[in-house]
2 protein chains.
Amino acid sequence: MAATSQAVDDYLKAILELSGSATELVSSNALAARLGVRAASVTGMLQKLAAQRPPLVVYQKHRGVRLSSAGKQRAWEIVRHHRLLELFLHNILKYPLDEVHEEAERLEHFISERFEDRVAALLGDPKIDPHGHVIPHKHGTHAFPDEVPLADWPAGEPAVIRSVGDRDPAALRELQRLDLVPGVTIVVKVRNPNAVTLSALPGRNTPFRLSNELVNQIAVAATSR
Amino acid sequence: MAATSQAVDDYLKAILELSGSATELVSSNALAARLGVRAASVTGMLQKLAAQRPPLVVYQKHRGVRLSSAGKQRAWEIVRHHRLLELFLHNILKYPLDEVHEEAERLEHFISERFEDRVAALLGDPKIDPHGHVIPHKHGTHAFPDEVPLADWPAGEPAVIRSVGDRDPAALRELQRLDLVPGVTIVVKVRNPNAVTLSALPGRNTPFRLSNELVNQIAVAATSR
DNA sequence: AGAGAAATTTAGGCATCCCTAAATATCTGA
DNA sequence: TCAGATATTTAGGGATGCCTAAATTTCTCT
Ligand SMILES: [Mn+2]
Ligand SMILES: [Mn+2]
Ligand SMILES: [Mn+2]
Ligand SMILES: [Mn+2]
């Protein structure tokens, strides 16, 4: 497989991250917004990725794009780099949680296979990154975890925080301050259009309100098992 | 100071490494050979570097180029990244000695100041990289060590290996096999145009011949002190 | 069906960094 | 001094990846 540039890597990863289910098409505009480039630039790049041999994406004009199997492989590879790097930066180099993402976002494109393997070994073949995201295996993808966005979770039902978003440092600092980190159990008391109120919990005296901006950073799962 | 591209970094580092003494001019052809590009490309880049504000090099047409103080600062910065990374790869990630250079050569351009600082802390503010090269301080340059090329060392006088070249993996493996690594004491018995013969040494039964290719990888200093 | 939203196309441009080939200029040593 | 070595200039090009602006196509919803 031909080597991919940083820009290509970023497009593939963005398509992966925007396509919730594997078959869902991602629109050009969504990609443009996520990558901070113009729609015309996206169209150009998608055509290039689809024209490559083997193609990295399956591109349907006006309908959207999804990863080909080669594209999926490369995208997961980059995600593995990213999450291993984040854990390394946090656990070994003692980076604050809200600073790991930016550095990993840069370095993920440049580390070698050997670096990836040695870091994984140093960390003891970890399964979860410091935000609670699953670290994919070296070859092949990984099953989607059973987590759902907190915004979709029913009120009254206890839930465990599985992961938090890694892209917004300010939100991350706030979540840490509130102790809303992976592993913590919460209960939604009320859901409004713009916020969610969480019930009082052990170690916290009053119910409190979480803005959607923070709610959207959190993914949860049932407390059972 | 404006951010420098990878290509600019590589030019600055090459100028630094090719100018033995601080004031020595480096020729365009020497740079072209070291960087694996054409002389015409070098001329173009040198003009760009000299035109920058502040200038990164002092360029005298037909005579050569040397680093300005801004250029020197950036070049030493990259060298610090490189040598810290090499030591990190060797000591923490357990890379073989002959594989650290290539990875460091790539990553040196992309790590942040924070990464540099945290790696230095993890390694205990090291002074010497795994090839025996001095790791410059974070701000400002460093004094040149007292080492000289083995090719310039007088026969009969014992010498300690101070450093070995990091750019040729095959040569490095051979030097390790021969136990010619930093810290080891040697004596030159005979010098030929194409080789040097070392005297028998503790742990070695016969004198042996070292090709210039290997001799040129080694820098030594007096055994005293 | 028609309007508005979404996406694409086209045409031109910018920046970086590299290449070749040929002509020219400068330097240096015998 | 002058020939050969060294370096520069000029003029052309390629690749990547981004931009704008305007025109157009396609889709989707009412
Ligand atoms: Mn990899
Ligand atoms: Mn993460
Ligand atoms: Mn630095
Ligand atoms: Mn080294």
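Worth saying up front: this structure is predicted, and the values here are computed from it rather than measured. Values reported hereafter were calculated over all heavy atoms of this structure, with side chains retained and with hydrogens, waters and symmetry mates removed.
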Sorted by position of nearest nucleotide on DNA chain D, 5' first, the leading residue of B/Arg63 and A/Arg63 is B/Arg63
I would like to know whether A/Tyr59 and A/Gln47 meet side-chain hydrogen bond (donor to acceptor under 3.5 Å, both in side chains); could you show each step before the answer?
-> CA-CA 7 Å; A/Tyr59 172 47; A/Gln47 289 169 341; 4.8 Å; no
Do the charged groups of A/Glu116 and A/Lys138 touch, with an N to O distance under 4.0 Å?
-> yes
To the nearest angstrom, the CG-P distance between B/Leu25 and C/dC27 comes to 13 Å
Think A/Ser28 has a side-chain N or O under 4.0 angstrom from the OP1 or OP2 of C/dT8?
-> yes
Does A/His82 have its ring centroid less than 6.0 Å away from the ring centroid of A/His101?
-> yes
Phosphate-side-chain proximity, A/Lys48 and D/dT16, N/O vs OP1/OP2 below 4.0 Å | no
What is the distance from CG of B/Asn29 to P of D/dA7, rounded to the nearest Å?
-> 4 Å
Write down the distance between NE2 (B/His62) and C1' (D/dT8), rounded to a whole number of angstrom.
-> 5 Å
Check whether any side-chain nitrogen or oxygen of A/Arg38 sits under 4.0 Å from OP1 or OP2 of D/dT20, and answer yes or no.
-> yes
State, to 0.1 Å, how close A/Val42 and A/Val37 come at their nearest heavy-atom pair, and which atoms those are.
-> CG2-CG2, 3.7 Å
Between B/Asp10 (CG) and C/dC17 (P), how many Å, whole number?
-> 10 Å
Hey, does the side chain of A/Ser27 come within less than 4.0 Å of C/dA6's phosphate (OP1/OP2), counting only N and O?
-> no
Atom CG of A/Leu49 and atom C1' of D/dG17: how far apart are they, to the nearest Å?
-> 12 Å
Within this structure, what is the CG-to-C1' distance between B/Leu35 and C/dC18, rounded to whole angstrom?
-> 12 Å
Whole angstrom value for the distance that separates P of D/dA7 from OH of B/Tyr59 = 10 Å
Atom-pair distance (CD on A/Gln52; P on D/dT16), nearest Å = 9 Å
